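Input: a single structure, listed below in structure tokens.
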Number of protein chains: 2
Amino acid sequence: MRGFDKNDVPSVTVPRLALYLRKLRELNTRGVSRISSKDLAEMIDVNAAQIRKDLSYFGSAGTRGVGYEVEDLIEKITGWLGLDRTWNFIIIGAGLLGTALARYRGFGEQRFRLVAMFDSSATVIGARYGPEESDRVRSVRELDEFCRKESVDIAMVTVPAGEAESTVQRLAEAGVKAVLNFAPVKVHAPEGVLVRQVDLSSELMSLSFYLDKGQDER
Amino acid sequence: MRGFDKNDVPSVTVPRLALYLRKLRELNTRGVSRISSKDLAEMIDVNAAQIRKDLSYFGSAGTRGVGYEVEDLIEKITGWLGLDRTWNFIIIGAGLLGTALARYRGFGEQRFRLVAMFDSSATVIGARYGPEESDRVRSVRELDEFCRKESVDIAMVTVPAGEAESTVQRLAEAGVKAVLNFAPVKVHAPEGVLVRQVDLSSELMSLSFYLDKGQDER
DNA sequence: CCCTGTGAAAAAGTTCACAGCA
DNA sequence: TGCTGTGAACTTTTTCACAGGG
């Protein structure tokens with residue numbers, strides 16, 4: 001029993017909680033122990049009522065007349081987002097992007113742990129991607145077996161566009177419940193699998209639209 | 001004079017146009033010359049009325065009773081998004097992610113052209129990042145001068161979190177009008193500069209929320 | 001008096017449903 | 001008849017504004 005129902009939380013609130021959490025952690029390391037919604041709002045360029053409303057979906061988190069205790073709020077949001085445990089992830093596709101992600105320090109801090117990396121190409125299978133001797137790229141053929149043995153929560157997909165759909169299908173069959181897709185195609189999410197898109201070319205096209213718009217207005 | 005005003009286009013429509021464009025290009029290479037909003041909608045998992053409404057902000061694009069001509073619509077959306085020209089971009093931060101982006105083939109197809117790469121660390125300045133002999137990482141000290149000589153439209157920022165804010169500030173002073181920020185901090189957008197966030201850890205935290213939610217429901 | 005928590009209003013975005021043209 | 005283009009209804013999200021506790 002908790003004071004809230006996750007289904008009542010608007011989908012737009014979730015990424016904002018991540019944003020608040022990051023700023024709160026920064027404030028905490030800077031020694032700030034208390035903050036008002038107004039001050040936090042100014043720092044991250046959102047509306048103060050937005051912050052208060054977002055937090056209110058989870059129940060009361062602050063003190064009237066005072067504000068929010070930074071450490072306490074960090075702990076609360078961490079719990080709400082399910083970040084008080086470790087999530088295991090794998091990377092499918094050991095190209096440049098996949099390798100860059102594999103070496104990215106910073107997932108660890110957030111308790112996201114890379115447990116394996118897969119590729120279909122013989123030229124990269126066996127290649128070392130991390131500090132441990134055992135951090136070697138595996139064949140995608142081992143995917144099913146690996147997922148059956150080890151608990152895999154999330155998969156990052158960095159395969160070429162043409163292989164993304166079948167890769168996600170395969171991951172779904174192996175029981176992976178969440179996918180972060182970096183391939184420049186919108187993949188169909190299989191039943192019960194959460195798919196999020198990280199879409200570079202789409203971002204660039206948006207920038208292009210607004211840049212072009214700016215030129216019109218001159 | 002054009003049949004529409006870009007300010008009337010909802011901000012959510014723009015990334016969807018990019019999505020439509022991608023699927024239309026795929027259909028085109030597959031030889032499909034005509035498509036209805038209904039069929040396109042099914043393929044990319046959105047509502048058909050959504051597509052028609054999105055397109056309607058730019059005026060009429062199809063034929064009643066028939067549908068949309070694929071090639072014609074590709075050309076139209078390309079123009080609306082400002083993709084009928086080449087956009088020059090630079091990358092600031094020659095770490096793993098920056099280098100992966102620099103080598104990514106696929107920007108060229110979209111007429112985005114990498115014209116320089118910068119870093120502040122002596123250990124990477126001068127390193128080759130592309131096929132040309134002249135594709136070498138420059139010192140950030142050269143940034144201003146470079147931007148004055150060459151036209152730079154977009155900057156991708158792949159520096160550490162702590163340097164992102166000052167980097168964007170510096171880019172703004174150098175006259176860069178659009179920034180794609182990969183650093184895990186929300187940077188304040190200087191007046192007249194368009195900043196878009198590509199935020200991995202935020203995406204992961206969102207996945208965490210929904211994964212955790214799924215567990216509750218069992 | 002200050003700042004949270006929250007109903008209520010406003011704005012933005014999505015979907016429906018149908019008129020109207022090919 | 002078939003499918004677009006679009007007002008209108010509906011849903012979601014944001015912002016306002018203020019009651020109420022510290």
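Quick caveat: nothing in here was measured; it's all calculated off a predicted structure. To find a chain, count down the sequence lines: A is the first, B the second, and so on, and within it residues start at 1.
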Touch class at under 4.0 angstrom, heavy-atom based, for A:Ala61 against every strand present: sugar-phosphate
Atom-pair distance (CD on A:Glu42; P on C:dC3), nearest Å: 12 Å
B:Arg64 (side chain) and D:dG5 (base): donor-acceptor pair under 3.5 Å: no
Rounded interatomic separation in angstrom, taking CD1 from A:Ile51 and P from C:dT4: 9 Å
5' precedence on DNA chain D between A:Gln50 and A:Val66 (nearest-nucleotide basis): A:Gln50
B:Thr86 versus B:Arg113, side-chain donor and acceptor atoms under 3.5 Å: no
Under-4.0 Å side-chain N/O to phosphate OP1/OP2 contact, A:Thr13 with D:dT14: no
Gap between atoms CZ and P, on B:Arg16 and C:dT14 respectively (whole Å): 4 Å
Atom-to-atom span, NZ of A:Lys53 to C1' of C:dA8 - whole angstrom: 9 Å
Upstream residue (5' side of DNA chain D) when B:Ile35 and A:Tyr57 are each assigned their closest nucleotide: B:Ile35
Whether B:Trp80 and B:Phe58 hold their rings parallel, tilted or perpendicular, with breakpoints at 30° and 60°: parallel
Whole-Å gap separating P (D:dT12) and CG (A:Asn7): 13 Å
Passing option when B:Leu40 is tested against B:Val46, B:Val70, B:Ile51 for side chain to side chain contact (heavy atoms under 4.5 Å, CB included): B:Ile51
Contact under 4.0 Å: A:Ser37 side-chain N or O vs C:dG5 OP1/OP2: no
Side chains of B:Met156 and A:Leu204 in contact at under 4.5 Å (non-hydrogen atoms): yes
A:Asp212 bridged to B:Lys6 by N-O distance under 4.0 Å: yes
Below 4.0 Å: OP1/OP2 of D:dG22 and any side-chain N or O of A:Thr63: no
Value in whole Å for how far the C1' atom of C:dC16 lies from CG of B:Asn47: 9 Å
Between D:dA17 (P) and A:Arg52 (CZ): distance, integer Å: 13 Å
Length of the line joining A:Asp8:CG and D:dT12:P, which is rounded to integer Å: 12 Å
Nucleotide of C:dG5, D:dG5, C:dC16 approaching B:Ala49 most closely (side-chain heavy atoms): C:dC16
